[in-house]
Amino acid sequence: MPFIKWTFPVLFGIFLLSVAVRWPQLNRPLSKHHEFCTALSLRVMQIWYDNRIEKYNFNPVMTYNNPADKFINNNANTSGEMMDKDGNYYYVSHPPFAYYFPFFVFKALHIRPDILPLQIFNLCLHFISGLFVYFIVCLLSLNKGRSMPYRSAIVAYTIYIFLPVTMWFQGNVYMSDMAVQVLFIIGVYIALKMIIRERFYSIKYIFFYTICLGLMIYTSWLGVFFAFGVFVYSLLHVRANKAFRVLIWSTVIVGLLMLRLIIYQYSQINGTLAYFEEMFDRYIIRSGLEGADKGLFHFMFSYLLLIKTLIYNYIVHYIIVYAIIMLFIWFAITRKKLKIVFSDNGYRFIWLAVLPVVLLHVFFLNYSTQDFTVLYASLFFSVGLGILYDKIKKSGAIPLRNMQVGLFVVIVLMTVQYELMNYASDSMPSITGNDIRKNTIKDEVLFSYDPDIQPQLIFYSQRNIKYIKSKEEALSFLKSRHINKGEIVGDRAGKISLDSTLAH
C-alpha cells in the first residue's frame with residue numbers, strides 16, 4: 001500500500017522531530033501554562049485506579065479515599081452540590097470520556113496513570129490529529145490520501161504538528177479540551193467526505209459519523225456546537241438534496257441521546273436538580289455573564305476585556321501564521337499569476353471547521369480567555385495554509401525551491417516561539433506537595449490559609465486541603481466531622497497542629 005510504504009514514514013518522521021523538540025519538557029514537574037489541567041485529569045484517573053472506578057459510578061471524582069479528605073471541595077465544582085453521600089466531590093464541568101479513554105488504555109496495559117504515560121498518550125492524539133489534517137487537504141484537493149505523498153498535504157501536516165499551540169497542548173497539557181481536538185478533526189473529515197461524495201446512505205459513513213459525533217459530545221461541549229453546525233448546514237441544503245435528511249436525523253438522534261446520557265450519569269451523584277444547579281453556575285461564570293447585575297457599563301467593560309484577551313491569545317499563538325497569510329496576500333496583489341478562488345468544498349470546510357469554534361467563543365467567552373481554547377483553530381489555519389501552498393505551487397508565482405526554504409524557516413520560527421512561550425518551570429507545587437505527602441498523617445485533616453490551592457499541589461500531596469480563614473474555622477470543621485486531629489500546612493510560621501478535643 002503506497003501510503004504505508006511511502007507517506008506514513010515521512011509523516012511519522014516529521015512528528016518524531018516535534019517530539020525531539022519537546023523532549024526536555026516531558027516528564028518534569030507540573031507547574032506552568034495550564035499544566036494544572038494535567039494535574040486535575042491525573043487526580044481523577046489515579047483515584048479511579050487505586051480505588052476502582054465502579055466505586056464512584058464511573059464519575060470524575062476529585063476526593064482522595066482518606067476519611068480526613070472527605071467533604072473538601074478542591075477545584076471540583078462551584079455550587080458545592082456535586083458531592084455524594086460519602087463526602088466525595090466530582091468535577092462535572094465536562095462530560096467524562098476524556099478521562100475514560102486514557103484510563104482504560106492504562107488499565108489494559110497495567111500502567112498506573114502518571115505524568116509521562118499521559119503525555120505519551122496525548123502525543124499519540126497529536127499524531128492522529130495531524131494525519132487527519134493530511135487527509136482533509138487531500139480530500140479538498142481531490143487527491144487520494146492513500147496514494148503517494150502529496151506535497152501540499154504534507155505542508156499542512158507539518159505546520160499543524162509544529163504549531164506552538166499544538167506542540168504544547170497536545171503534549172504537556174491534557175484535559176477534555178485537548179482530548180476533543182482529535183475527535184473534532186476526524187469529525188470534520190468524515191462529515192466533509194459524506195457531503196462531498198454524497199455518501200449519505202452509506203452504512204460505513206453513517207456508523208463512523210455517529211460514533212465520532214457521540215464521542216465528541218461525550219468529551220466536550222465543542223461536540224454540541226459541531227453537531228449544531230452540521231445540523232444547520234444540512235437544513236440549508238436539504239431542499240436541494242433530500243439525502244441530507246439522513247445527516248439531520250443522525251445528528252439530532254445522537255446529540256439528544258448523548259446529552260441524555262450525560263445528564264443521567266451526573267445526576268447519580270446528588271440528583272438531577274443539583275447537577276442543573278451546578279451547570280447553571282458554571283455557565284454564568286464561563287459565559288462572561290457573571291457580574292451582569294452590577295450595571296450595563298460594568299458588564300460591557302468586562303465583556304470587552306474578555307474579547308480583548310481572546311484576541312490577544314489568537315495573536316500570540318498564531319502570529320507566524322498571520323505573517324504567512326499577509327505575505328500571501330501581498331503576492332496575490334502584486335503578481336497576476338496568483339488568484340484566490342474558493343470552491344464549494346472550501347466553503348464547506350470553513351463552515352465545519354470554523355463555526356463550532358466561533359459558537360464556543362460566543363457562548364463561553366470567559367472560558368475562551370484560557371488560551372488552550374484557541375487550539376481548535378489550528379485545524380483551519382493548517383489546512384488553509386496547505387491549500388494556499390498548493391495554489392502558489394500550481395500558479396508558479398514563486399519558485400518551488402524558495403517555497404521549501406520558506407517552509408523550513410517557518411518551522412524554525414515556530415520551534416523558537418514554542419521554546420520562548422514555555423521556557424521556565426516553577427517546581428514549587430511539586431516540592432511543597434511532596435513535602436506534604438511525606439510529612440503529614442492521613443488521619444488528620446489538612447488546612448491552608450491560602451485561598452489559591454493549586455491543582456498541582458493537590459496532585460503531588462495526594463491529599464485534599466481545606467481553605468480556612470482562621471484557626472477557629474478549622475476547629476469548627478473538625479468538630480462537625482467528629483475528627484480529633486488537624487494540621488495547617490503551608491503557614492508562614494510553619495505547620496500548626498490542631499486538636500479539637502482540647503479546643504472544645
Side-chain angles (χ1 to χ4, degrees), residues 37 41 44-45 48 53 57-60 91-108 113 118 121-133 135-136 166 169-170 173-195 199 202-231 233-234 246-266 279 352-353 355-357 359-360 364 372-373 375-376 378-379:
C37 295
S41 301
V44 171
M45 287 186 273
W48 282 348
I53 189 173
N57 292 319
F58 296 86
N59 288 311
Y91 186 78
V92 299
S93 293
H94 300 281
F97 184 71
Y99 311 111
Y100 291 161
F101 193 12
F103 172 77
F104 285 112
V105 170
F106 297 150
K107 193 76 173 176
L118 186 58
F121 178 85
N122 205 15
L123 288 170
C124 292
L125 297 186
H126 186 204
F127 177 61
I128 296 171
S129 301
L131 283 180
F132 279 89
V133 167
F135 294 145
I136 288 173
T166 64
F169 289 117
Q170 289 195 287
V173 182
Y174 181 85
M175 204 175 173
S176 304
D177 313 87
M178 298 82 194
V180 77
Q181 174 73 350
V182 64
L183 293 169
F184 175 50
I185 295 174
I186 295 174
V188 169
Y189 173 73
I190 295 173
L192 198 61
K193 202 168 184 180
M194 286 181 73
I195 294 169
R199 299 292 181 87
S202 168
I203 299 298
K204 180 182 73 171
Y205 280 87
I206 294 172
F207 173 78
F208 284 116
Y209 171 73
T210 54
I211 292 296
C212 185
L213 179 63
L215 293 179
M216 201 188 312
I217 295 173
Y218 204 41
T219 301
S220 166
W221 303 118
L222 179 68
V224 176
F225 296 120
F226 177 78
F228 179 79
V230 174
F231 174 76
Y233 183 88
S234 301
V246 175
L247 203 52
I248 290 173
W249 283 110
S250 298
T251 302
V252 170
I253 292 172
V254 171
L256 292 178
L257 284 176
M258 297 313 297
L259 289 175
R260 180 67 185 92
L261 173 61
I262 294 166
I263 293 171
Y264 172 78
Q265 180 173 356
Y266 285 158
M279 295 312 293
L352 294 172
L355 181 61
V357 182
L359 291 175
L360 177 79
F364 297 117
F372 53 69
T373 61
L375 168 67
Y376 308 134
S378 59
L379 169 62

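Values reported hereafter were calculated over all heavy atoms of this structure, with side chains retained and with hydrogens, waters and symmetry mates removed. This is a predicted model, so every value here is computed, not measured.
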Among residues at least two apart in sequence or on other chains, which ones pass ring pair (Phe, Tyr, Trp, His ring centres under 6.0 Å) with Tyr99? none
Minimum heavy-atom distance Val92-Met279, with the two atoms named: O-SD, 3.6 Å
What distance separates Phe97 CZ from Ser176 OG, expressed to the nearest 0.5 Å? 11.0 Å
For Asp177, check side chain to side chain donor-acceptor pair (under 3.5 Å) against everything at least two apart and list the hits. Tyr367
If you round to the nearest 0.5 Å, how far is CG of Leu379 from CD1 of Ile186? 11.5 Å
Would you mind reporting whether Val173 and Met178 have side-chain heavy atoms less than 4.5 Å apart? yes
Determine, stepwise, if the pair Phe169 / Tyr174 fulfils ring-ring contact (aromatic ring centres under 6.0 Å, His included). CA-CA 7 Å; Phe169 289 117; Tyr174 181 85; over 10 Å; no
Between Ser378 and Leu375, what is the shortest heavy-atom contact and its length? OG-O, 2.5 Å
Over all atoms of both residues, closest heavy-atom pair of Leu215 and Thr219: O-OG1, 2.6 Å
Kindly give the heavy-atom pair with the smallest separation between Leu222 and Pro356, and that separation in Å. CD1-O, 3.9 Å
Take Lys193 and Phe208 through the side-chain contact (heavy atoms from CB on, under 4.5 Å) test and state the conclusion after the steps. CA-CA 11 Å; Lys193 202 168 184 180; Phe208 284 116; over 6 Å; no
If I take atom CZ from residue Phe372 and atom CD from residue Gln181, how far apart are they, to the nearest 0.5 angstrom? 12.5 Å
Working to the nearest 0.5 angstrom, can you tell me the gap between Leu352 CG and Ile195 CD1? 5.0 Å
Taking Ser202 for the side chain and Arg199 for the main chain, is one N or O donor matched with an acceptor at less than 3.5 Å? no
My understanding is that only residues two or more places apart in sequence, or in another chain, count here; which of them pass side-chain contact (heavy atoms from CB on, under 4.5 Å) with Phe58? Ile53, Glu54, Tyr100, Phe104, Gln265
Distance from Met175 atom CE to Ser220 atom OG, nearest 0.5 Å? 10.0 Å
Separation between CG of Leu183 and SG of Cys212, rounded to the nearest 0.5 Å: 5.0 Å
Do Tyr266 and Pro60 have side chains that get closer than 4.5 Å, going by heavy atoms? yes
Determine the minimum heavy-atom distance between Ile185 and Ser129, stating which atoms define it. CD1-CB, 3.7 Å
Parallel, tilted or perpendicular: which one describes the rings of Phe132 and Phe135, with boundaries at 30° and 60°? perpendicular
Which donor-acceptor pairs under 3.5 Å do side chains of residues 246-263 form with protein atoms, sequence neighbours excluded?
residue: Ser250; atom: OG; partner: Val246; partner atom: O; Å: 2.7
residue: Thr251; atom: OG1; partner: Tyr209; partner atom: OH; Å: 2.7
residue: Thr251; atom: OG1; partner: Leu247; partner atom: O; Å: 2.7

Looking only at non-hydrogen atoms, find the nearest pair between Ser41 and Leu118 and report the distance. CB-CD2, 4.4 Å
Is there a donor-acceptor pair under 3.5 Å between the side chain of Trp48 and the backbone N or O of Asn59? yes
Do the side chains of Val188 and Phe226 get nearer than 4.5 Å, heavy atoms only? yes
Pairing residues for Phe127 by the ring pair (Phe, Tyr, Trp, His ring centres under 6.0 Å) criterion, not counting sequence neighbours: Phe8, Phe12, Phe15
Ring pair (Phe, Tyr, Trp, His ring centres under 6.0 Å) partners of Phe225, counting only residues at least two apart: Phe363, Phe364
